[in-house]
Amino acid sequence: MVNCVGQMLEKIVDGLESGKELAKDELAALLLSDDLAGTDYLKKRARYVADCIYGKDIYIRGLIEFTSYCRNNCFYCGIRCGNQNAQRYRLSKEQIMTCCEYGYTLGFRTFVLQGGEDAYYTEEKICSIVYGIKSRFQDCAVTLSIGEKSRENYQAYYHAGADRYLLRHETANQEHYERLHPKELRLENRKKCLYDLKEIGYQVGAGFMVGSPFQTLDTIYEDLQFIRELEPHMVGIGPFIPHKDTPFAGTRAGTLEMTLRLLSIIRLMNPRVLLPATTALGTIHPMGRELGIEAGANVVMPNLSPVDVRKKYQLYDNKLCTGDEAAESLHNLKKRMADIGYRIVIDRGDFRRE
Ligand code: SAM
């Protein structure tokens, strides 16, 4: 019996690897199975596929969380505007440049500017920051992750030199989207932003939280279909973790195992994708980063924000921001990756087309 289930999972994995579209019952089998040999096979094949394209290289991104102000009120997020307890801060262009300066000496060749949707940073300000970084560090890539903007804004940032844009779609199911967001936020617009970004020429990242409230197998299936359709260059997935000052306080977090299996499935669906082992994964399990890499991830994003603001960017409870999560501890992260047979490289870490 066990063998039978194992063989069934292996067949599904082999189908995925050869480019076959996953059926919903196959997704259910991969995500819900307690057949460890079968799920181990899933992760091993995903890792093998990543090795074939990216080898043993792990790309790093210096994450600069430059504003904790946000005009949105997403039900899951600790920096939602309705959270009166959130500590707010903004970094100046000079502070951001200082982070990059330090990051460059550590070996970072991609800087990710992430923040809430903060109107203080006008198009002009963002362009000036992007242009400043790109002029000073010509061998580096800049990734923006600042939410939903107009196509004109995206075009202007691109023109200023931005290379990549991360905008998780959060969930591709309309009803689920409405249960996670206030009504002024529209799934349709989020998707349109992703297509605009792609058309403009960015390397684009979509993604979702694993185990978010009201998520089901059906919504995950729609997420995977959306990813297949969009063909993003990056996919950011990590477990949902509740925050005590949000409407989802006290709900259950997403699990390590479900996140790992989804990382593997996404790698097999889209072999070239840039796939981070996220901070949230490192937060729910001390070996989350390593396990993520072993399941097919090939990117890590240490925190390069000034130390005194890190605790203020609390998207969820107990978010890691020090220890091996911190950019200044890169030597520890290097060692941890080396211990599992991988190497952190000094590289922009672009999407490999061929
Ligand atoms: N404002 C930008 C945006 O909308 O894309 C970027 C910042 S937003 C805080 C970055 C990501 O954090 C979101 O896309 C969401 O998936 C993730 N996030 C927010 N709250 C979370 C939580 N409670 N658990 C896990 N991830 C969370």
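Position 1 is the first residue of the sequence; numbering continues from there. In what follows, every heavy atom counts, from backbone to side chain, and hydrogens, waters and symmetry copies are set aside.
- The backbone N or O of D350 sits nowhere less than 3.5 Å from a side-chain atom of Q203 that would complete a donor-acceptor pair.
- Distance alone, capped at 3.5 Å, places no donor-acceptor pair between the Y154 side chain and the I200 backbone.
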>> Between R348 and Y59, does the side chain to side chain contact (heavy atoms under 4.5 Å, CB included) criterion hold? Intermediate values first, please.
In response: CA-CA 8 Å; R348 277 173 48 120; Y59 297 144; over 6 Å; no
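- Of the residues F214, Y76, F75, the one that meets the ring pair (Phe, Tyr, Trp, His ring centres under 6.0 Å) test with H181 is Y76.
- For CG of N332, the number of neighbouring non-hydrogen atoms (other residues, nucleotides, ligands) closer than 6.0 Å is greater than 12.
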> When you look at T171 and N173, which way does the side-chain hydrogen bond (donor to acceptor under 3.5 Å, both in side chains) test go after all the steps?
Replying inline: CA-CA 6 Å; T171 170; N173 175 277; 5.3 Å; no
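- In terms of heavy atoms, R61 sits closest to G349 at NH2-O, 2.8 Å.
- Ion pair D118/R71 not flagged as a salt bridge, since none of the NZ, NE, NH1 or NH2 atoms sits closer than 4.0 Å to an Asp/Glu carboxylate oxygen.
- Sorted by first then second residue, the ring pair (Phe, Tyr, Trp, His ring centres under 6.0 Å) pairs that include residues 322-352, not counting sequence neighbours, are H233-F351.
- The side chain to side chain contact (heavy atoms under 4.5 Å, CB included) test applied to K44 returns D40, not counting sequence neighbours.
- K319 and E65 are joined by a salt bridge, as a carboxylate oxygen and a charged side-chain nitrogen come within less than 4.0 angstrom of each other.
- Judged as a salt bridge (Lys or Arg N to Asp or Glu O under 4.0 Å), the pairs with a partner in residues 204-219 (not counting sequence neighbours) are, in order, K24-D218.
- Residue Y177 is found in a hydrophobic cluster whose other members, listed by chain and number, are L185, L187; membership requires side-chain heavy atoms under 4.5 Å apart, directly or through intermediates.
- Taking the charged nitrogens against the carboxylate oxygens, R109 and D139 do have a contact shorter than 4.0 Å, which makes a salt bridge.
- For the residue pair R336 and E290, the shortest heavy atom distance occurs at NE-OE2, 2.7 Å.
- Note that CG of L304 and CZ of F111 are 6.5 Å apart. Values are rounded to the nearest 0.5 Å.
- Nearest heavy atoms, A29 versus I12: CB-CD1, 3.8 Å.
- Pairs engaging residues 235-255 under the side-chain hydrogen bond (donor to acceptor under 3.5 Å, both in side chains) rule: N85-D245 [sequence neighbours left out].
- In terms of heavy atoms, L22 sits closest to Y221 at O-OH, 2.8 Å.
- If you check the side chains of Q174 and E178, you find a donor sitting under 3.5 Å from an acceptor.
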Taking distance alone, no hydrogens or angles, what donor-acceptor pairs closer than 3.5 Å link side-chain atoms of residues 124-131 to residues at least two apart or in another chain?
unit_1 : atom_1 : unit_2 : atom_2 : d
K125   : NZ     : Y120   : O      : 3.3
S128   : OG     : K93    : NZ     : 3.1

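- Each salt bridge (Lys or Arg N to Asp or Glu O under 4.0 Å) pair with one or both residues in residues 192-204, not counting sequence neighbours, appears once here: R151-D196, R151-E199, K192-D196.
- Here the CG-CD distance, from N153 to E123, works out to 5.0 Å after rounding to the nearest 0.5 Å.
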>> Let's go through T110 and R164 carefully: what are the C-alpha distance in whole Å and the side-chain angles of both, what is the deciding distance for side-chain hydrogen bond (donor to acceptor under 3.5 Å, both in side chains) to 0.1 Å, and is it a yes or a no?
In response: CA-CA 10 Å; T110 288; R164 309 187 190 125; 3.0 Å; yes
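- A distance-only check finds a donor-acceptor pair linking the side chain of D223 to the backbone of A172 [under 3.5 Å].
- Residues passing the side chain to side chain contact (heavy atoms under 4.5 Å, CB included) test with R228, sequence neighbours excluded: E21, M269.
- The shortest side-chain heavy-atom distance between L42 and L268 falls under the 4.5 Å cut-off.
- For residues 299-312, every residue pair satisfying the salt bridge (Lys or Arg N to Asp or Glu O under 4.0 Å) rule, not counting sequence neighbours, is listed here: R310-E328.
- When the side chains of ILVMFWY residues are joined at heavy-atom separations under 4.5 Å, either directly or via intervening members, V112 and F108 end up in two distinct hydrophobic clusters.
- Cation-pi check for R90 over F66 is not met; the charged atom does not lie both under 6.0 angstrom from the ring centroid and within 45 degrees of its normal.
- The aromatic rings of Y165 and Y157 lie parallel to each other, their planes meeting at an angle below 30°, with 60° marking the opposite boundary.
- Separation of atoms CD1 (I96) and OG1 (T67) is listed at 9.0 Å; rounding is to 0.5 Å.
- Interatomic distance, L113 CG to I146 CD1, rounded to the nearest 0.5 Å: 8.0 Å.
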> Given E17 and Y48, is the side-chain hydrogen bond (donor to acceptor under 3.5 Å, both in side chains) satisfied, shown in steps?
Replying inline: CA-CA 10 Å; E17 198 176 337; Y48 172 77; over 6 Å; no
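- Here the closest non-hydrogen pair linking R47 and E294 is CB-O, 3.4 Å.
- Within the structure, side-chain hydrogen bond (donor to acceptor under 3.5 Å, both in side chains) pairs that include any residue of residues 261-284 comprise E257-R261, R267-N298, T279-R289, T279-E325 (at least two apart or interchain).
- Between atom CG of residue L32 and atom CG of residue L30 there is a gap of 9.5 Å, rounded to the nearest 0.5 Å.
- Side-chain contact, D35 with S33: no donor N or O sits under 3.5 Å from an acceptor N or O.
- Note on I284: it clusters hydrophobically with V210, by side-chain heavy-atom contacts below 4.5 Å among ILVMFWY residues.
- With sequence neighbours excluded, the residues satisfying side chain to side chain contact (heavy atoms under 4.5 Å, CB included) with L36 are T39.
- With hydrogens and angles ignored, the 3.5 Å screen pairs a side-chain donor or acceptor of S68 with a backbone N or O of Q87.
- Side-chain contact between F248 and L180: present, with at least one pair of heavy atoms (C-beta onward) separated by less than 4.5 Å.
- Here the shortest heavy-atom pairing between G211 and F240 reads O-CD2, 3.6 Å.
- In this structure, the side chain of N303 does not engage the main chain of C321 through any donor-acceptor pair within 3.5 Å.
- Side-chain atoms of K334 never come within 3.5 Å of backbone atoms of R343 as a donor-acceptor pair (strictly under, hydrogens ignored).
- Contacts of A86 classified as side chain to side chain contact (heavy atoms under 4.5 Å, CB included), with partners at least two apart in sequence or in another chain: N83, R88.
- For D34, the CG atom sits in a loose shell: 12 or fewer heavy atoms of surrounding residues, nucleotides or ligands are nearer than 6.0 Å.
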